[in-house]
Amino acid sequence: MSAVNHPVHAAIAAASEGLVDREVVVELVVLCAVAREHMLVVGPPGTAKSEAVRRIARRLGGRYFEYLLGRFTEPTEIFGPVDLRKLKEGVVETETSGMLPEADVAFLDEVFLGSTAILNTLLGILNEGTFRRGHTAMRCPLRVCVGACNRLPEDEHLAAFSDRFLVRVFVEPVGDSDLEELLARGWSLDDGTSGAHASMNEIDTLAKTARAMNMARVAPAIAQAVRLLRGAGLVWSDRRIVRAQRLVAAAAALAGRVEPTEADLWPLIFALPTEHAQQEGRDLLRELLARSESSSLLAAAAAGSLGPLARGARIVRAGDALLVEAHDGGPSRAVWSLKLEGIAREIDATFTEASMPDDVATLRKRVAAAIAAAPAV
Amino acid sequence: MRVDFELRADVLLPQCVVGVGPVAVALAQRVLRDLEGAHSTQLRGVVASDMIVLLGDTEHLPWVDGVQYLGRDARAPDLLLPTQLAPRAPLDAFTRAVTTRARGPKAPWAVLVAPQRITSLAEARYVERERLVAWIAAAAAAASVA
């Protein structure tokens, strides 16, 4: 792993620690920051959407701006107040210090509740990276804006604004099987004083690397993906097709590659606009995505592609972490043994003997031996 | 109708676990070990002389080496299929073939690829300690005679 990738990888790992089932959100924020694209997280309230974004922003060392929009939110609450001294001179300038126009990472909860004035100004920032209001016109350092909502908007007037969020991720409340882990991790969640593991400099270097990549090797595969999706009635705009390439290049840069390969196509799934489209897309593109893998974005590559390499890598990471835990007996040993069975169950439900990658097969042997040595109490 | 199976991209959520032969005995012993009270409130199942099939939520399905997991494909709701495999035939045609070939009561049907078996789960009921103990004893007796 390069000198640039390593701190970003460390930031992702640190941000994901303590979160249950939100690693994909953390990883996609980083992918979008490198690709200079924006992201929408769709899910019910209380599903750690803002916590996941806040944690990765902190670990990346960026200036972070977060706000919960409402129908009566004033533009000054997002972009900053009018500079009164300048106003007396007849100049309408905005004091942007500490506000969204100066943020590296932004999170806007209930993003579609913003007024027309707010959304129109945001459109300029998301589209051109420029904040314009009154006499103020400035380039914004924003690497990624994450919008959150409970459901995708149905209002056609919001379609143009919604389309600026290229990446979509859909989250649900934690499943029954992960509740104990949620309670344990939630109890020990950090208090927000942990420092940065990386900086925006690394993100910018990776972005530059991504933009300079030669896409020739994967262009046919991306075109084939678009054709397959169109054949099933999943139509992408030309803009979305072109911009989706940035995600593929960003995935390659984060994986430490000098040019994208078939392993980096998995982000295409997250550029599909609805949850249903993403599910269909995984099925339609399963052969194209079968070789997906990423050393930095394990969870996202697995979730995007459902490809065996990516899924296997995620299972191996979870299994290795569990085997390292030591238990001396008592109820915790029984719980640990059940978790080991959960890993074994996931392995056997995911792979046949013939399709099992070598590292998964090795893990399976270790897990089976640990279960045999530690029967449930 | 001979049908080949292929790896599926969208692995099914396990909703059923099956043990055949010695694996079935190990599975039954595993279930018995955690069974509190006279019957389970989490696992329902059917048995044959050499097979146990259990239905339940994913996190409640036990694991022993050699079991197979089945799940439901939304396009074939009457079938429980291997979680990693899909028939190469269209699912509606495959479902018709299964229900035609299998005798006995109704859906759902558990479909195993290796060994090839189709088992009705219409009569599945909550696992009972007494029946499980008796089944294990009968299986052990059959194994010692064989």
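Quick note on labels: first sequence line is chain A, next is B, and so on, each numbered from 1.
Other residues, nucleotides and ligands contribute over 12 non-hydrogen atoms within 6.0 Å of the CG atom of Asp92(B). The environment of CD in Glu130(B) is sparse: at most 12 heavy-atom neighbours from other residues, nucleotides or ligands sit within 6.0 Å.
Of the inter-residue distances, the one linking Trp63(B) atom CH2 with Leu338(A) atom CG reads 13.0 Å to the nearest 0.5 angstrom. Interatomic distance, CZ of Arg345(A) versus NE2 of His60(B), reported as 9.0 Å (0.5 Å rounding). We find the CZ-OG1 distance between Phe5(B) and Thr352(A) to be 13.0 Å, quoted to the nearest 0.5 Å.
Close approach to chain A, defined as a heavy atom under 4.5 Å from one of its heavy atoms, is seen in Thr83(B), Gln84(B), Leu85(B) of residues 77-85 of chain B, taken by number. Residues of residues 44-52 of chain B lying within less than 4.5 angstrom of chain A, judged on heavy atoms, are absent.
Comment: Asp65(B) does not engage Lys365(A) in a salt bridge, judged by the lack of any side-chain N to carboxylate O separation of less than 4.0 angstrom.
For Phe170(A), the ring-ring contact (aromatic ring centres under 6.0 Å, His included) test picks out no residue, with sequence neighbours left out. For the side-chain hydrogen bond (donor to acceptor under 3.5 Å, both in side chains) test, no residue two or more places apart in sequence or in another chain qualifies with Thr362(A).
Inter-residue side-chain proximity for Ile371(A) and Arg30(B) is flagged as unmet; no heavy-atom pair is nearer than 4.5 Å.
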